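Residue numbering restarts at 1 for every chain, and letters A, B, ... go by the order of the sequence lines. Values below: every heavy atom of this structure, side chains too, minus hydrogens, waters and symmetry copies. Everything numeric in this text was worked out from a predicted model, so none of it was measured.
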Amino acid sequence: MCEKILLIDGHSILNRAFYGLPDLTSPEGLHTGAVYGFLNILFRVLEEEKPEYLAVAFDRSEPTFRHQKYPEYKGTRKPMPEELKEQLPLLQEMLAAMGITTISLAGYEADDLLGTLAKRSEEKGMDVTVLSGDRDLLQLASKKTLIRIPKTAKGQTLIESYHEDEVLEHYQVTPSQIIELKALMGDSADNISGIPGVGEKNATRLIKEYGTVENAYAHAEEIPQKRARESLLEHYELAQLSRELAAICTDSPVEFSCEDAKVGDLYTKEAYELCRKLDFRSFLNRFDPAQVNEDSMEQDFFTCSDFEGCEALFEKAAQAEAVGVSLLGDKEGTYGLGLALNEDEIYYIPVQGMTTPGYLSEKLESLSQNTMLCSMDVKAMLKHIELRPEAKVFDCGIAAYLLNPLKSTYTYEELARDYLDGKAIPAKEELLGKISLKKAWEQDMPELEQLACYMAYTAFCVRGPLEEKLKETSMWKVYTEIELPLVFTLDSMEKWGIEVKGEELKNYGDQLTVRIQELEKLIWQQAGEEFNINSPKQLGVILFEKMGIPGGKKTKTGYSTSADILEKLAPDHPIVNDILEYRQLAKLKSTYADGLGAVIEADGRIHSTFNQTITATGRISSTEPNLQNIPVRMELGRLIRKVFVPEPGFVFLDADYSQIELRVLAHMSGDEKLIQAYREAEDIHRLTASQVFHIPLEEVTPLQRRNAKAVNFGIVYGISSFGLSQDLSITRKEAAAYIQKYFETYPSIKGFLDGLVEQGKEKGYVSTMFGRRRPVPELKSSNFMQRSFGERVAMNSPIQGTAADIIKIAMNRVYKRLLDEKLRSRLVLQVHDELLIETWKDEIPQVSRILEEEMKGAAHLAVELEVDMHQGDNWYEAK
DNA sequence: GGCCTCACG
DNA sequence: ACGTACGTGAGGCCC
């Protein structure tokens with residue numbers, strides 16, 4: 001076997017990764033997506049090729065010999081957008097950290113260096129692989145030199161391979177003739193112009209026939225295609241020039257020693273730390289933990305499994321102002337507790353013998369009266385130990401969420417990195433892999449001690465920095481007065497859950513099945529064949545190809561069959577209505593009838609999880625199951641709400657804010673006209689229509705009201721004429737006219753929204769009335785789409801977020817009053833602007849009063865916060 | 001695991 | 001010119 005060298009075109013692969021993948025942003029706000037993509041490709045090719053030597057070539061900013069020879073030459077690289085440019089040094093830093101040789105040479109492009117080294121290596125008898133995104137490099141292919149080109153197909157990255165033969169097969173010309181081909185057809189990516197009127201087909205034909213541009217010119221008279229012939233005769237000089245530009249130099253004076261480029265251990269400590277810093281988590285498991293975690297903390301960890309020891313430990317903990325705690329447990333059990341007394345006394349207490357979950361709960365409960373328990377996730381802890389809402393706790397996950405709500409996870413190792421100067425500690429996945437807590441506990445794995453201790457340690461240590469940053473950013477009040485109390489409110493809601501009648505749900509599902517099967521038959525009949533109606537792909541083919549319905553492509557992968565497209569086709573094609581009904585029923589059956597049925601627990605109730613650290617705006621979300629998207633808009637779906645019932649002796653009281661977001665807008669913008677409108681209006685959309693269209697209130701038509709309502713929504717979403725036009729099925733021009741009229745009617749609104757965008761650009765974030773922040777990095781993007789998105793976000797988030805703050809305040813206050821007044825009634829659901837209370841019948845008047853007072857009183861706005869309330873024996877009736 | 005579709009505010 | 005309304009979660013398909 002020959003030795004092999006892998007040569008990489010640095011810029012071209014980075015470019016490809018940048019355009020082919022979604023961008024990522026590191027915790028410090030650096031763009032990193034292209035570097036990530038580059039490394040992914042690098043690792044893959046290394047594994048496939050297993051080269052002994054490796055070098056990455058980069059272009060230089062200086063003019064090259066091509067510039068000197070041809071003054072008009074503009075260079076082969078397009079100017080890089082800022083988001084890509086800043087990643088270049090990052091990539092070079094990473095390559096340096098991995099000990100990978102990089103080369104560049106003033107006066108030459110990376111291509112030339114690759115060409116030179118490929119040739120020299122071949123001469124030494126080595127095998128060569130060249131990795132580039134640029135097909136120009138195919139001219140270097142030979143029996144010994146393999147060209148590899150990454151290509152994105154169907155979302156997957158394929159890396160094509162070309163030796164000499166494959167070039168011949170694909171392009172019907174030899175590698176060296178690739179240059180001739182380019183000279184004729186040009187290459188826009190490479191700024192090679194080619195000659196007019198000759199495309200790929202003609203160029204290939206000519207080069208196949210005549211071998212070179214020169215020879216084709218010599219035989220020009222024989223060329224049968226008139227346009228190609230004339231163009232070649234006329235533009236021969238241009239073709240010659242292009243030929244020279246396209247030719248890669250293979251004898252540049254680059255200094256290179258193979259020995260320096262020997263592939264060593266890429267997985268160094270420096271590379272590991274950089275991967276952590278850039279948040280490249282999927283790469284971390286490539287590193288050998290023993291090598292990269294030299295400064296292990298494990299000497300500070302102690303397992304305490306005897307009862308006396310634990311007693312002493314809790315006594316010592318009680319002397320501390322704060323301790324870090326981590327409770328290991330899941331739905332099936334409680335396995336142990338990590339306890340950090342300070343930075344270097346960290347204990348693990350496994351659940352065993354006398355240290356039962358009940359014992360730990362009791363100890364922590366009493367500890368929390370005077371000592372602050374710092375935890376990564378207090379609500380999760382509350383599932384194993386009982387704490388009163390007055391307990392002293394610090395929730396690191398929530399604090400970190402407030403400081404940056406855009407992250408998807410807030411794990412301890414991320415927090416350590418982000419708030420302890422990049423401190424690297426192993427993540428749960430690194431310690432346990434895919435082994436469950438339960439399994440690890442049963443097998444007494446030592447990693448459990450490490451996990452609990454690292455977590456408790458982090459919780460203890462990050463509290464200070466988090467608190468400091470929350471105060472710096474003026475979010476301390478949001479944290480202490482809204483989010484932290486909400487932990488207990490949500491925990492209570494989760495524990496109560498809501499009763500669901502399983503049998504009725506099943507009946508409902510069975511009825512759906514009957515109709516679904518009817519529709520299925522009907523649809524198959526009309527289509528003339530059986531197919532999977534649930535497959536958009538198959539459905540698209542049936543509708544738009546087989547049945548020939550005009551509708552056209554829309555998505556990357558095929559035809560769009562979404563409801564808004566199908567609805568437009570429905571009048572002319574009966575099958576479409578059946579499909580729409582089928583879809584609706586299939587959704588109800590799978591997501592709701594079956595989905596909800598599967599999560600009813602032994603107590604006959606559904607216990608959703610309310611997540612407090614998910615949304616970018618400050619709303620909560622609901623999962624497993626999602627109880628915030630139970631159907632209501634269509635009657636058939638709405639019927640599902642009949643299976644949500646209160647316990648005997650209770651009724652539901654459902655209270656929702658009326659147009660809270662528009663009211664927030666009125667308040668925050670201070671628009672007198674809109675505020676006045678709310679003071680007098682029964683029907684704000686109708687009044688908006690009357691004011692925007694300058695007509696008396698009584699003369700507003702239903703259509704005008706509908707349009708005004710859509711504009712009101714649009715304003716809250718960060719208005720755009722395109723979005724509004726889509727929603728109302730009108731032209732952009734008409735939509736723009738509506739928006740303009742709206743702004744004329746409510747003159748302060750435009751200034752307010754513009755101000756939000758301005759603030760977002762200036763400060764990098766926008767804020768709610770209560771100081772909650774949302775960063776808007778998209779506003780700095782050079783990409784129009786992203787920037788526009790940033791503008792809409794800047795307009796929407798303060799409004800949606802303020803409404804979220806208000807209902808959170810209301811929830812806390814309602815929850816507290818129910819407790820303080822020792823009522824049996826309980827808060828069970830929140831759906832963004834709505835609260836559902838399972839109310840003890842005797843307490844109906846009192847609870848109604850509480851809801852009204854606390855919801856209306858949650859914030860004092862320039863307009864009243866109006867609350868609608870309904871009572872019922874199930875959720876359907878209470879709405 | 002990504003994409004499409006659709007349920008909610 | 002670009003190709004969109006803001007914020008979510010879940011199920012089914014298909015690679």
Side-chain angles (χ1 to χ4, degrees), chain A residues 22 153-156 158 282 405 531-540 554-566 579-580 582-596 598-599 608-611 614-634 636-638 640-641 656-657 659-661 710-711 713-728 732 735 739 774 776 778 781-801 803-804 807 829-834 879:
Chain A
K154 294 180 185 175
Q156 299 241 325
L158 279 171
S282 70
F531 67 101
N532 188 346
I533 309 168
N534 289 319
S535 161
K537 197 177 161 190
Q538 293 181 37
L539 181 62
K554 221 193 119 191
T555 65
K556 288 164 216 158
T557 45
Y559 302 100
S560 172
T561 65
S562 62
D564 55 332
I565 300 274
L566 295 190
I579 290 166
L580 286 167
Y582 174 93
R583 278 251 181 92
Q584 206 181 35
L585 301 197
K587 175 84 175 178
L588 294 175
K589 172 92 168 86
S590 66
T591 305
Y592 300 104
D594 298 347
L596 292 176
V599 291
S608 176
T609 301
F610 295 100
N611 203 310
I614 293 287
T615 71
T617 53
R619 281 186 174 182
I620 58 171
S621 87
S622 156
T623 51
E624 288 178 89
N626 182 354
L627 291 184
Q628 291 183 320
N629 71 348
I630 303 302
V632 68
R633 294 174 191 168
M634 304 287 289
L636 181 63
R638 191 176 189 143
I640 292 179
R641 294 180 173 233
D656 69 289
Y657 282 116
Q659 294 132 10
I660 185 168
E661 291 186 347
V711 175
F713 268 100
I715 296 288
V716 169
Y717 288 159
I719 197 81
S720 80
S721 55
F722 187 89
L724 184 64
S725 71
Q726 285 290 302
D727 190 50
L728 288 177
R732 272 181 76 160
I739 294 168
R774 164 163 188 182
V776 197
E778 296 89 350
S781 171
S782 60
N783 178 304
F784 172 85
M785 274 297 303
Q786 291 215 13
R787 207 168 51 246
S788 307
F789 173 70
E791 289 167 3
R792 294 194 295 270
V793 158
M795 295 188 261
N796 169 263
S797 295
I799 301 173
Q800 192 186 116
I807 195 159
L829 277 185
Q830 184 251 48
V831 192
H832 309 309
D833 64 355
E834 165 191 2
K879 225 9 221 164

Participant: Between atom OH in Tyr657(A) and atom P in dC8(B), what is the gap in whole Å?
Facilitator: 23 Å

Participant: Using whole Å, what does the distance between atom P of nucleotide dG11(C) and atom CG of Leu585(A) come to?
Facilitator: 18 Å

Participant: Give a yes/no on whether any side-chain N or O of Arg774(A) is located under 4.0 angstrom from OP1 or OP2 of dG7(C).
Facilitator: yes

Participant: Show me, pair by pair, the donor-acceptor contacts under 3.5 angstrom made by side chains of residues 784-791 of chain A, not counting sequence neighbours?
Facilitator:
unit_1, atom_1, unit_2, atom_2, d
Arg787(A), NH1, Ser781(A), O, 3.1
Arg787(A), NH1, Ser782(A), O, 3.4
Ser788(A), OG, Phe784(A), O, 2.8

Participant: Check every strand shown and say whether Ser788(A) touches a base, only sugar-phosphate, or nothing at a heavy-atom separation below 4.0 Å.
Facilitator: nothing

Participant: dT5(B), OP1 or OP2 - any side-chain N/O from Thr561(A) closer than 4.0 Å?
Facilitator: yes

Participant: Check whether more than 12 heavy atoms from other residues, nucleotides or ligands sit under 6.0 Å from atom CZ of Phe713(A), and answer yes or no.
Facilitator: no

Participant: Please check the phosphate of dG12(C) (OP1 and OP2 only) for any side-chain N or O of Arg583(A) closer than 4.0 Å.
Facilitator: no

Participant: For a quick test of reading the model, state the closest non-hydrogen atom pair linking Ile640(A) to Tyr592(A) and the distance between them.
Facilitator: CD1-CB, 3.3 Å

Participant: Round to the nearest Å and state the distance from Ile579(A) atom CD1 to dC6(B) atom C1'.
Facilitator: 16 Å

Participant: Using 0.5 Å steps for rounding, measure from the CZ atom of Arg619(A) to the CD atom of Gln628(A).
Facilitator: 8.0 Å

Participant: Is Arg792(A) near enough to dT4(C) that one of its side-chain N or O atoms lies under 4.0 angstrom from OP1 or OP2?
Facilitator: no

